**Student:** 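Take a look at this one; I'll ask things after.
Residue numbers run from 1 in the order of the sequence given. What you see is a predicted model; the values in this text were computed from it and never measured.
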Amino acid sequence: MRAIWKGALTFGLVNVPVKVYSATEDHDVPLHQVHDKDGGRIRYQRICEIDGEVVPYADIDRAYSDGEKTVILTKEDLRSLPSEKSREIDVVEFVPSDQVDLLTLDKAYYLEPDSSSPKAYVLLRKTLEQTERTAIVRFSLRQKTRLAALRVRGEVLVLQTLLWADEVREASFPALDESVKILAKELEMSAALVDSFAADFDPEEFEDEYQAELRTLIDAKLERGDAVDTAETFGESEEAASGGEVIDLMEALRASVEKSRAARSAKASGADPAEDAEEGSDGHPSGASSKKKKSSAKAS
C-alpha cells in the first residue's frame, strides 16, 4: 500500500504522527465503452470551447460563476487556503460509539504510526477500546474539509469519513404515517424467522455474484467468441419470485421459518437441501440453497 497523506493526529497536547492509507479497493471487472456498431473504443476528451483544442489535465484550473461573473481559481489559490495547508487530524470530541449513525459512514482509511516509537498511537487505541468511545475528528484531504470517526479495527486505528448532516436526506414516506396493527402472533413468528437466520457475520462467506458471473461470461466469450449460450454457461435460470403483495402474512412467515430451518438442518448434516427437501406448508420444498434462503428472507 502507498500512503496518500502524512500528518499528525492531535488530541489535547498529545501529537501522534501518522500515515494515511486507503483501507478499501474496488474489485469490479474493469470495463470500457465501445461503439456497438463497430466496437471502436469511446474516449472522452477535455476540449476548450474557445479554441477547440484538447487541453491536458495539468493545464486545467477551476472556476466559479455566480451567473454574471466568473472567478478563476488556480492551483496556487487552492493550495493557499489555511485548511489545505494543515497536516493535522484534530480530535474534537469523544462520543459513545453507538451515537455514530451508520448511514453517515463514508470512505475508510488506515492510520499507520509514523514515528520511532508507536507508544502514543497504541495508548490512543487502547483508550478508545477501554472507554468504548469513538473519536470525532476534523481534517483536510484533497481540497475538502472532512469530518470523520476514528475507531479501532483489530490492532489498527481506522479513520472513516462522515457525511455532513445536510448531505443525509430526510426519509418521508406517507405510507409509514398510516396506523398499522401488528398481531402478537405475527411478531412472535417474525422473531422466530429472524432466529432461524441467526448467525455470526463472516464477510468471507459472501461473494459478489454479479462480478463472478461477469468474469465467467468474459472467459466464455474469450474462448468461444460471441456464439455463447448463456443457458449452457450459467445453467437454466429459475423463475423470479413474484413481487406481489403477500396475501396471508402469517402463512408466509410460517413457511419461511420451516424452509429456513430445513435448509440449516440439511447444511449441518452435509446433505444437499435441494435434493433432500421435504414439502413445506407453502407447497414448495422446505430445504433451500443459501441463495434461495436469502431471497425468502428478503421477500418476507
Side-chain angles (χ1 to χ4, degrees), residues 1-6 18-36 39-46 57 89 97 100-114 125 134 137 139 141-144 146-164 167-169 197-238 240-241 263 267 273 288-299:
M1 290 193 293
R2 183 172 63 87
I4 62 170
W5 193 88
K6 207 173 179 182
V18 292
K19 291 179 183 178
V20 178
Y21 299 83
S22 181
T24 60
E25 59 186 2
D26 189 353
H27 70 190
D28 288 359
V29 176
L31 301 175
H32 57 261
Q33 294 181 327
V34 296
H35 187 188
D36 62 356
R41 183 146 183 188
I42 305 298
R43 297 185 183 277
Y44 294 91
Q45 297 177 319
R46 301 176 180 89
Y57 187 78
I89 302 171
S97 296
V100 179
D101 188 346
L102 295 179
L103 185 64
T104 64
L105 295 176
D106 200 14
K107 182 75 175 172
Y109 300 91
Y110 289 135
L111 299 188
E112 177 191 21
D114 188 28
R125 188 194 73 208
T134 295
V137 305
F139 68 108
L141 178 67
R142 293 171 177 163
Q143 300 177 356
K144 281 187 178 182
R146 317 270 179 164
L147 191 67
L150 181 71
R151 56 189 183 83
V152 178
R153 186 176 191 267
E155 300 292 307
V156 180
L157 289 175
V158 173
L159 194 66
Q160 194 140 15
T161 56
L162 301 172
L163 298 173
W164 298 97
E167 292 180 316
V168 179
R169 292 175 172 177
F197 278 89
D200 292 321
F201 177 57
D202 179 4
E204 295 292 334
E205 292 182 358
F206 300 87
E207 70 167 347
D208 187 335
E209 292 176 359
Y210 179 85
Q211 292 300 317
E213 290 169 358
L214 182 58
R215 288 185 184 277
T216 300
L217 179 61
I218 290 171
D219 290 341
K221 286 210 164 210
L222 287 172
E223 183 181 338
R224 286 169 253 168
D226 288 330
V228 172
D229 185 340
T230 54
E232 180 185 335
T233 303
F234 299 107
E236 294 292 341
S237 60
E238 297 177 8
K267 184 178 179 182
S289 68
S290 60
K291 192 184 268 188
K292 287 182 185 174
K293 199 165 81 174
K294 281 186 240 176
S295 299
S296 68
K298 216 169 191 179

**Student:** What is the minimum heavy-atom distance between A149 and T134, and which atoms define it?
**Tutor:**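 The answer is CB-CG2, 3.7 Å.
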**Student:** If I take atom OG1 from residue T216 and atom NZ from residue K221, how far apart are they, to the nearest 0.5 angstrom?
**Tutor:**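 The NZ atom of K221 is 14.0 Å from OG1 of T216, to the nearest 0.5 Å.
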**Student:** Working to the nearest 0.5 angstrom, can you tell me the gap between W5 CH2 and F139 CZ?
**Tutor:**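 Between W5 CH2 and F139 CZ, I get 7.0 Å after rounding to 0.5 Å.
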**Student:** List the atom of R125, the atom of G154, and the distance in Å for their closest heavy-atom pair.
**Tutor:**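 Looking at all heavy atoms of both residues, the closest pair is CD-O, 4.2 Å.
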**Student:** Pair up each side-chain donor or acceptor in residues 157-164 with any protein partner under 3.5 Å, not counting sequence neighbours, and list the distances.
**Tutor:**
{"from": "Q160", "atom 1": "OE1", "to": "R151", "atom 2": "NE", "distance (Å)": "3.3"}
{"from": "Q160", "atom 1": "OE1", "to": "R151", "atom 2": "NH2", "distance (Å)": "2.7"}
{"from": "Q160", "atom 1": "NE2", "to": "D106", "atom 2": "O", "distance (Å)": "3.3"}
{"from": "T161", "atom 1": "OG1", "to": "K107", "atom 2": "N", "distance (Å)": "3.0"}
{"from": "T161", "atom 1": "OG1", "to": "K107", "atom 2": "O", "distance (Å)": "3.2"}

**Student:** In Å, rounded to the nearest 0.5 Å, how long is the span from NE2 of H27 to CD of E207?
**Tutor:**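 Rounded to the nearest 0.5 Å, the NE2-CD separation comes out at 9.5 Å.
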**Student:** Find out whether I42 and H32 are in side-chain contact, i.e. whether some heavy atom of one side chain is under 4.5 Å from a heavy atom of the other.
**Tutor:**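 Of all side-chain heavy-atom pairs linking H32 with I42, none is under 4.5 Å.
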**Student:** Less than 4.5 Å apart, any side-chain heavy atom of L214 and any of Q211?
**Tutor:**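 SC-SC contact between L214 and Q211 confirmed.
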**Student:** Nearest 0.5 Å, please: how far is OH in Y110 from CD1 in I4?
**Tutor:**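 The CD1 atom of I4 sits 13.0 Å away from the OH atom of Y110.
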**Student:** If you count heavy atoms of other groups shown closer than 6.0 angstrom to CG of D200, is the number above 12?
**Tutor:**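 Open: at most 12 neighbouring heavy atoms sit under 6.0 Å from CG of D200.
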**Student:** For Y109 versus S22, what's the shortest heavy-atom pair and its separation?
**Tutor:**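 Closest approach of Y109 to S22, heavy atoms only: CD2-CA, 3.8 Å.
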